[in-house]
Amino acid sequence: AFNSVKPLIDIHKKHLLEPLLHRINTQGKFITNIGELFLNWAAAATVPYLKYTEKLATVRELIKFEKNRQSRFAEWLYKVDQNPKVMEASLDHNRIFFSGFIGHTQLLSLALNSVYKKTKENDMDHVLLKNAIDEINKLNRKIDEMQDSALQNRHLRLLAGRLTWKNNVLANDLKLSEPNRRLIKEGAVTRKREKWITSNYYLILLDNYLLITEPQKDEHYKISEKPIPIEFLKIETKNFASTSNVNLSTEGEIYPLKVRYTGQNVSYTFYAETLAERDSWFHSINQVQSKKVKNSIFEPFKISILADQF
């Protein structure tokens, strides 16, 4: 994972540091064709930046894990931070692996925009600067998308290792390892077993299933009901007309949400702790279902032309 850092260092050196130093030495402090430099840099940096971003979530988890157990690797990181050259460059392992390179690209477009505003329109660099800013903004958008994707994939890999199946529930392939899989929402709810007995549950909403689980130790979860495909998921609610007489011990029960597995004649009623949390479940489920419909192609009949003449 750490091998993704070296290519970025090389690209900055080859496409920015060395050309800038050369122009300063040959042109003085007022240099030209800045746009060309950064346009070339953006083209060369895109793939290495995305590879770096893809590995960033794993590196962050690794560093956090090693620090928590105070390993020799963690000791080495702290020693690197105390290196005089590293300190002189105002760097540390957090800036390098957590924010340094990505923060640099976000600030770069702002800095170039300031130069662009002060560049005359008849200057050739005016167009090149505009193109460079556009390409760097594209890179920043791709980095944001890759960060979201990498964090999602990392979270789903961890989640896959924390899920088990109840004995009476048939295990199903949840396709958690698919690259486009998304975790939409998760959270604790309660379910009323009997009149005075409630049980704790943990709902996990993916972009393909709703998982009804029972929380276990150490953030592990046991899938206790058959996963509900998003296409067959229906959510309902009931607002109590008056809550003034509700006992405080059952206050959570005034925010019920019923999820129904359509076509299976199965439904489950859960209770959220707050109105905002219940509304959040409604919004999340409606959002993922709308996106599912939008991305689906419904073609109940295949139509083809047999003849176009009478």
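Computed over heavy atoms, backbone and side chain alike; hydrogens, waters and symmetry mates excluded. The model shown is predicted, which means the values in this text are computed figures rather than measured ones.
Between H12 and W41, the two ring planes are perpendicular [angle over 60°; tilted spans 30° to 60°].
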request  = Apply the test side chain to side chain donor-acceptor pair (under 3.5 Å) to residues S71 and E66: give CA-CA distance (whole Å), side-chain angles for both, the deciding distance (0.1 Å), then the verdict.
outcome  = CA-CA 6 Å; S71 67; E66 295 295 339; 2.5 Å; yes
message = Between D125 and Y116, is the side chain to side chain donor-acceptor pair (under 3.5 Å) condition met? List the steps.
response = CA-CA 8 Å; D125 210 27; Y116 171 74; over 6 Å; no
message = What verdict does the salt bridge (Lys or Arg N to Asp or Glu O under 4.0 Å) test give for R23 and E36, after you've listed the backbone C-alpha separation in whole Å, the side-chain angles of each residue and the deciding distance to 0.1 Å?
response = CA-CA 12 Å; R23 295 193 184 190; E36 180 186 13; 3.7 Å; yes
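For the side chain to side chain contact (heavy atoms under 4.5 Å, CB included) with F38, the qualifying choice from I133, N33, L112 is L112, the only one to do so. Tested against D207, the residues K292, R181, R182 include a single salt bridge (charged side-chain N to carboxylate O under 4.0 Å, His left out) partner, R181. Of the listed residues (E273, E277, R278), just one forms a side chain to side chain contact (heavy atoms under 4.5 Å, CB included) with Y255, and that residue is R278.
Remark: R141 pairs with N137, K138 by the side chain to side chain contact (heavy atoms under 4.5 Å, CB included) rule, at least two apart or across chains. Applying the side chain to side chain donor-acceptor pair (under 3.5 Å) criterion to Y202, with sequence neighbours excluded, gives E186. Among residues two or more places apart in sequence or in another chain, the salt bridge (charged side-chain N to carboxylate O under 4.0 Å, His left out) test is passed with R154 by none.
Without hydrogens or angle criteria, E214 side chain to Y221 main chain gives no donor-acceptor distance under 3.5 Å. Proximity of a side-chain donor or acceptor of Q289 to a complementary backbone N or O of L233 within less than 3.5 Å is detected.
A cation-pi contact, defined as under 6.0 Å to the ring centre and within 45° of the axis, is absent between K222 and W165.
Proximity of F270 to T190: side-chain heavy atoms (C-beta onward) are nowhere separated by under 4.5 Å.
For the pair R191 and E225, the salt-bridge criterion is met [side-chain N within less than 4.0 Å of a carboxylate O].
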